[in-house]
Amino acid sequence: MAELVFFSGTMDCGKSTLALQMDHNHSARGRVGLIFTKMDRAGSNVLSSRLGLSRGALEVSDDLDLWEAVVHCATAGRRVDYLVCDEAQFYSAAQVEQLARVVDEMDVDVFAFGITADFRTELFPGSKRLLELADRVQVLQVEALCWCGRRATTNARVVDGAMVVEGEQVVVGDTKSGQSGVVEYEVLCRRHYMRRMTAHAARSAALSPEVLPFDLDVCALPPRPITQSE
């Protein structure tokens, strides 16, 4: 029985590495699959891992109908046993529904990999629909770590060294630059996400002898009650 499975997690938790491993494992057993991705950090038509592994893939454009793409392969005589869909957070809700249709009507397994929430901690449309439709949702067990050593749960956007919480939902980072400056991403624990404390900000604070080990402006203490003697 075919399934739609969503593998989710923050950046740096090994989603793309697992996607490549899944494809390898299934193809090694004689199964035939298709690999899809969208806006991979290495460019178009490639699924890449931060470990340096990569594989050619089909780029998912905004107007691509995934149901029709798989049907076209099948009617052309090509066997399709499974799909590996990386960067699935960037797919549209309609494209996720097309993947579900592939599972239900063609009995093809679909393994989708993606980030659940954006830098504002809001769900991506593709991830939201996957959470709603997937037969199984698996949070990856390889934990990404915040700079403090705690488990990272959020993806922060950093522009020119400063964390931001407003802007377009999708901006590819790592090497991109433009009018808004150099865009990077960093994984943080909830505590340091709420404090807007990135690794760079923490280092800067540590270098200053005048800074306390926590930010009173962000984590303000409640006012001290006035006693009768005062």
Review point. Do V110 and Y82 sit in the same hydrophobic cluster, where Ile, Leu, Val, Met, Phe, Trp and Tyr count as joined when their side-chain heavy atoms come under 4.5 Å apart?
Key: no

Practice item. Find out if a path of hydrophobic residues (ILVMFWY) with successive side-chain heavy-atom gaps under 4.5 Å connects V80 to V32. Key: no

Exercise for review: Determine whether L83 and M22 fall in the same hydrophobic cluster, where Ile, Leu, Val, Met, Phe, Trp and Tyr are linked whenever their side-chain heavy atoms lie under 4.5 Å apart.
Suggested key: no

Check your understanding: Counting only N and O atoms by type, is there a donor-acceptor contact under 3.5 Å from the side chain of S127 to the main-chain atoms of L123?
Key -> no

Check your understanding: Is there a donor-acceptor pair closer than 3.5 Å between any side-chain N or O of E68 and the backbone N or O of D65?
Key -> no

Exercise for review: Please answer whether the main-chain N or O of E3 pairs with a side-chain N or O of D135 as donor and acceptor at a distance below 3.5 Å.
Suggested key: no

Study note, to complete from the structure: Rounded to the nearest 0.5 Å, the OH atom of Y91 sits from the CG atom of L99 at a distance of 7.0 Å

**Study point:** Sub-4.5 Å side-chain heavy-atom contact between Q95 and W67
**Key:** no

Review point. Does D40 pair with K38 as a salt bridge, N-O distance under 4.0 Å?
Key: no

Check your understanding: Between atom CG of L58 and atom CG of L64, what is the distance when rounded to the nearest 0.5 Å?
Key -> 8.5 Å

Point to revise | Main-chain N/O of S44 paired to E59 side chain as donor or acceptor, under 3.5 Å | key: no

Review point. Is a side-chain donor-acceptor pair under 3.5 Å present for T17 with S49?
Key: yes

Check your understanding: Got T116 and F124 here, is their nearest side-chain heavy-atom distance under 4.5 Å?
Key -> no

Exercise for review: Determine whether F6 and C85 make a side-chain contact, defined as any pair of heavy atoms from C-beta on separated by less than 4.5 Å.
Suggested key: no

Review point. Do the non-hydrogen side-chain atoms of M106 and V71 ever get within less than 4.5 Å of each other?
Key: yes

Check your understanding: Any side-chain heavy atom of V46 within less than 4.5 Å of one from R55?
Key -> no

**Study point:** Check: F36 and L34 side chains under 4.5 Å, non-hydrogen atoms
**Key:** yes

**Study point:** Reported CD-to-SG distance for the pair E186 and C146, which is rounded to 0.5 angstrom
**Key:** 7.0 Å

Check your understanding: Roughly how far, to the nearest 0.5 Å, is the CD atom of Q21 from the NE2 atom of H26?
Key -> 10.0 Å

Check your understanding: Is any side-chain N of the basic residue among D86 and K15 closer than 4.0 Å to the acidic one's carboxylate O?
Key -> no

Revision key, fill the gap. Of all heavy-atom pairs linking V96 and G126, the shortest is CG2-O, 3.6 Å

Exercise for review: Find out if a path of hydrophobic residues (ILVMFWY) with successive side-chain heavy-atom gaps under 4.5 Å connects V60 to M39.
Suggested key: no

**Study point:** Atom pair OG1 (T37) and CG (L47), whose distance is rounded to the nearest 0.5 Å
**Key:** 5.0 Å

Exercise for review: Have a look at R31 and tell me which of D81, N25, D23, D109 forms a side chain to side chain donor-acceptor pair (under 3.5 Å) with it.
Suggested key: D109

Review point. Where is the tightest heavy-atom contact between L145 and A152, given as atom of each residue plus distance?
Key: C-CB, 3.8 Å

Practice item. Tell me, with the steps shown, if L130 and L4 meet side chain to side chain contact (heavy atoms under 4.5 Å, CB included). Key: CA-CA 9 Å; L130 278 164; L4 172 58; 4.1 Å; yes

Practice item. Would you please say whether a donor-acceptor pair under 3.5 Å links the side chains of Q89 and E87? Key: yes

Review point. Mind checking whether V84 and F113 have side chains closer than 4.5 Å, heavy atoms only?
Key: yes

Review point. Looking just at side-chain N and O atoms, do Q169 and D118 make a donor-acceptor pair shorter than 3.5 Å?
Key: yes

Exercise for review: Enter the distance from F111:CZ to Q138:CD here, rounded to the nearest 0.5 Å.
Suggested key: 10.0 Å

Check your understanding: Does the side chain to side chain contact (heavy atoms under 4.5 Å, CB included) test come out yes or no for M163 and R157, once each step is laid out?
Key -> CA-CA 6 Å; M163 180 177 158; R157 179 181 293 173; over 6 Å; no

Check your understanding: Under the side chain to side chain contact (heavy atoms under 4.5 Å, CB included) criterion, do W147 and M197 qualify, and how do the steps go?
Key -> CA-CA 10 Å; W147 60 264; M197 182 66 76; 3.5 Å; yes

Exercise for review: Taking atom NE2 of H200 as the centre, report whether more than 12 heavy atoms of other residues, nucleotides or ligands fall under 6.0 Å from it.
Suggested key: no

Exercise for review: Determine whether more than 12 heavy atoms belonging to other residues, nucleotides or ligands lie under 6.0 Å from atom CZ of R120.
Suggested key: yes

Review point. C148 versus C189: any side-chain heavy-atom pair under 4.5 Å?
Key: yes

Practice item. Indicate yes or no: does K128 engage E132 in a salt bridge with an N to O separation below 4.0 Å. Key: yes

Exercise for review: Assess the side chains of Y193 and N155: does a donor N or O sit below 3.5 Å from an acceptor N or O?
Suggested key: no

Check your understanding: Side chain of D160, backbone of V182: donor and acceptor closer than 3.5 Å?
Key -> yes

Practice item. Give a yes or no on whether R191 atom CZ has more than 12 heavy-atom contacts from other residues, nucleotides or ligands under 6.0 Å away. Key: no

Exercise for review: Starting from the C-alpha separation in whole Å, work towards a yes-or-no answer on side chain to side chain contact (heavy atoms under 4.5 Å, CB included) for S8 and I115.
Suggested key: CA-CA 6 Å; S8 69; I115 295 170; over 6 Å; no

